[in-house]
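Chain identifiers are assigned alphabetically (A, B, ...) following the order of the sequence lines, protein sequences preceding nucleic acid strands; residue numbering begins at 1 within each chain. Reckoned from all heavy atoms, side chains included, excluding hydrogens, waters and symmetry mates.
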2 protein chains.
Amino acid sequence: MNIQDCITPCTQKPKLVLAIRDAMEVLNGKWKILIIGTLMAGGKKRFMELLREVDGIAAKMLSKELQELEMHKLISRTVCNTKPITVEYEITEYGKKLEKILLELTNWGMEHREMILKG
Amino acid sequence: MNIQDCITPCTQKPKLVLAIRDAMEVLNGKWKILIIGTLMAGGKKRFMELLREVDGIAAKMLSKELQELEMHKLISRTVCNTKPITVEYEITEYGKKLEKILLELTNWGMEHREMILKG
DNA sequence: CAGGATCCGTGACGATACTG
DNA sequence: CAGTATCGTCACGGATCCTG
């Protein structure tokens, strides 16, 4: 499948637009992709670990975006009855389907950074 | 290259985070990816065509996001000395490097939509 | 036709303090 | 530790009008 196949003929809306809209609705927010990337690369993470590794994010935002990601079945949340309580976040099998996107995004980002540095 | 390779050892920041941040900085904004997708699938487009096809966008936003995309060398802007004046936007060779990302995003979006509809 | 100028509301985002 | 509550801001985004 190539990118032209995403266009339906005549005056109908391009399928591409709908699909991208759907994807963006799930991935919107300043931190979601970074959170997913961190979890995908690093396995299980606790709240505080994420707070440290996704640096710059505030606890409120992390909490909120984690909830939204969980709603969309992209990550799972597990409460461990330790003392004090700890919580583990992990990417789901469904969430792993985003790996290709993340990879392409990462590759492009690195190329782009090099291109900027060279001028 | 797989996603684990994006992690540098020990306490350093993951390379993945930097790359994704770079990419997101270029692609941020509600409409950029949709604009790129439309141009990539449909070839040259004039301002009014984009205004129609990227539906929901306001002229101000379209203008602004097109400028930013041009700054980043992802699209080109050509003024035709017709009367009244018309302008053509086209994706650049550099911009075409985003094709893989767009494709993966589109594929995932379609799968996700189906998954939602089925429940 | 392409888009700039202006005005304006909302909500995304952030800092801080607090709780079980 | 893992959050929630509260408050504040600013810029993102939209509507409308105007110009070459």
| query | Hey, is the side chain of B:Tyr89 poking within less than 4.0 Å of OP1 or OP2 on C:dC1, counting only N and O atoms? | reply | no
Would you tabulate the pairs of protein nitrogen or oxygen atoms and nucleotide nitrogen or oxygen atoms of nucleotides 16-20 of chain C closer than 3.5 angstrom?
none

| Just by modelled atom types, is the B:Leu102 backbone N or O under 3.5 Å from a matching donor or acceptor in the B:Thr106 side chain? | yes
| task | Mind running side chain to side chain contact (heavy atoms under 4.5 Å, CB included) on A:Leu62 and A:Leu66 for me, showing each step along the way? | result | CA-CA 6 Å; A:Leu62 179 55; A:Leu66 284 172; 3.8 Å; yes
| query | In whole angstrom, what separates A:Lys32's NZ from C:dA12's P? | reply | 9 Å
| Does the separation of the ring centres of A:His72 and A:Tyr94 fall below 6.0 angstrom? | no
| query | What integer distance in Å separates B:Ile35:CD1 from C:dG3:P? | reply | 12 Å
| field | B:Thr86 side-chain proximity, nearest of C:dC1, C:dG14, D:dG14 | value | C:dC1
| query | What bend angle does the helix from C:dC1-D:dG20 to C:dG20-D:dC1 show across its length, from five-pair end axes and to the nearest 10 degrees? | reply | 50°
| Any side-chain N or O of A:Arg77 less than 4.0 Å from the OP1 or OP2 oxygen of D:dG3? | yes
| task | For the pair B:Thr38 (side chain) and B:Leu34 (backbone), establish whether a donor and an acceptor sit closer than 3.5 Å, ignoring hydrogens and angles. | result | yes
| said: Rounded to whole Å, please give me the gap between CG in B:Leu51 and P in C:dA2. | reply: 9 Å
| Atom pair distance, as rounded to whole Å: CG in B:Asp55 and C1' in D:dG13 | 16 Å
| message | Just to be sure I understand the rule, does B:Lys83 reach a base, reach only the sugar-phosphate, or reach nothing, if contact means heavy atoms closer than 4.0 Å? | response | nothing
| Does anything in residues 61-73 of chain A reach DNA chain D, meaning a heavy atom under 4.0 Å, and if so which residues? | A:Ser63, A:Gln67
| Given atom NZ of B:Lys30 and atom C1' of D:dG13, what is their separation to the nearest angstrom? | 7 Å
| said: Do A:Val79 and A:Leu39 land in one hydrophobic cluster if side-chain heavy atoms of ILVMFWY residues count as linked below 4.5 Å? | reply: yes
| said: Assess whether a salt bridge exists between B:Arg46 and B:Glu88, defined as any Lys/Arg side-chain N lying under 4.0 Å from an Asp/Glu carboxylate O. | reply: no
| Does any N or O in the side chain of B:Thr92 come within less than 3.5 Å of the main-chain N or O of B:Leu74, such that one atom is a donor and the other an acceptor? | yes
| request: Check the pair B:Val54 / A:Val17 against side chain to side chain contact (heavy atoms under 4.5 Å, CB included), numbers first and verdict last. | output: CA-CA 8 Å; B:Val54 184; A:Val17 170; over 6 Å; no
| Rounded to whole angstroms, how far apart are CH2 on B:Trp31 and P on D:dG13? | 9 Å
| task | Return the value, rounded to whole Å, for the distance between atom CG of B:Asn28 and atom P of D:dG13. | result | 8 Å
| request: Run through A:Arg77, A:Lys45, A:Glu49 and flag the one making a side-chain hydrogen bond (donor to acceptor under 3.5 Å, both in side chains) with A:Tyr89. | output: A:Arg77
| message | Please determine whether side chain to side chain contact (heavy atoms under 4.5 Å, CB included) holds for the pair A:Ile101 and A:Leu98, giving the CA-CA distance in whole Å, both sets of side-chain angles, and the decisive distance to 0.1 Å. | response | CA-CA 5 Å; A:Ile101 296 177; A:Leu98 287 166; 3.7 Å; yes
| message | So if I apply the salt bridge (charged side-chain N to carboxylate O under 4.0 Å, His left out) rule between A:Lys32 and each of A:Glu65, A:Glu70, A:Glu25, which one comes out positive? | response | A:Glu65
| Atom pair distance, as rounded to whole Å: CD in B:Glu49 and C1' in C:dA2 | 13 Å
| Could you walk me through whether B:Lys96 and B:Glu99 pass the salt bridge (Lys or Arg N to Asp or Glu O under 4.0 Å) check? | CA-CA 5 Å; B:Lys96 284 181 185 164; B:Glu99 181 162 7; over 6 Å; no
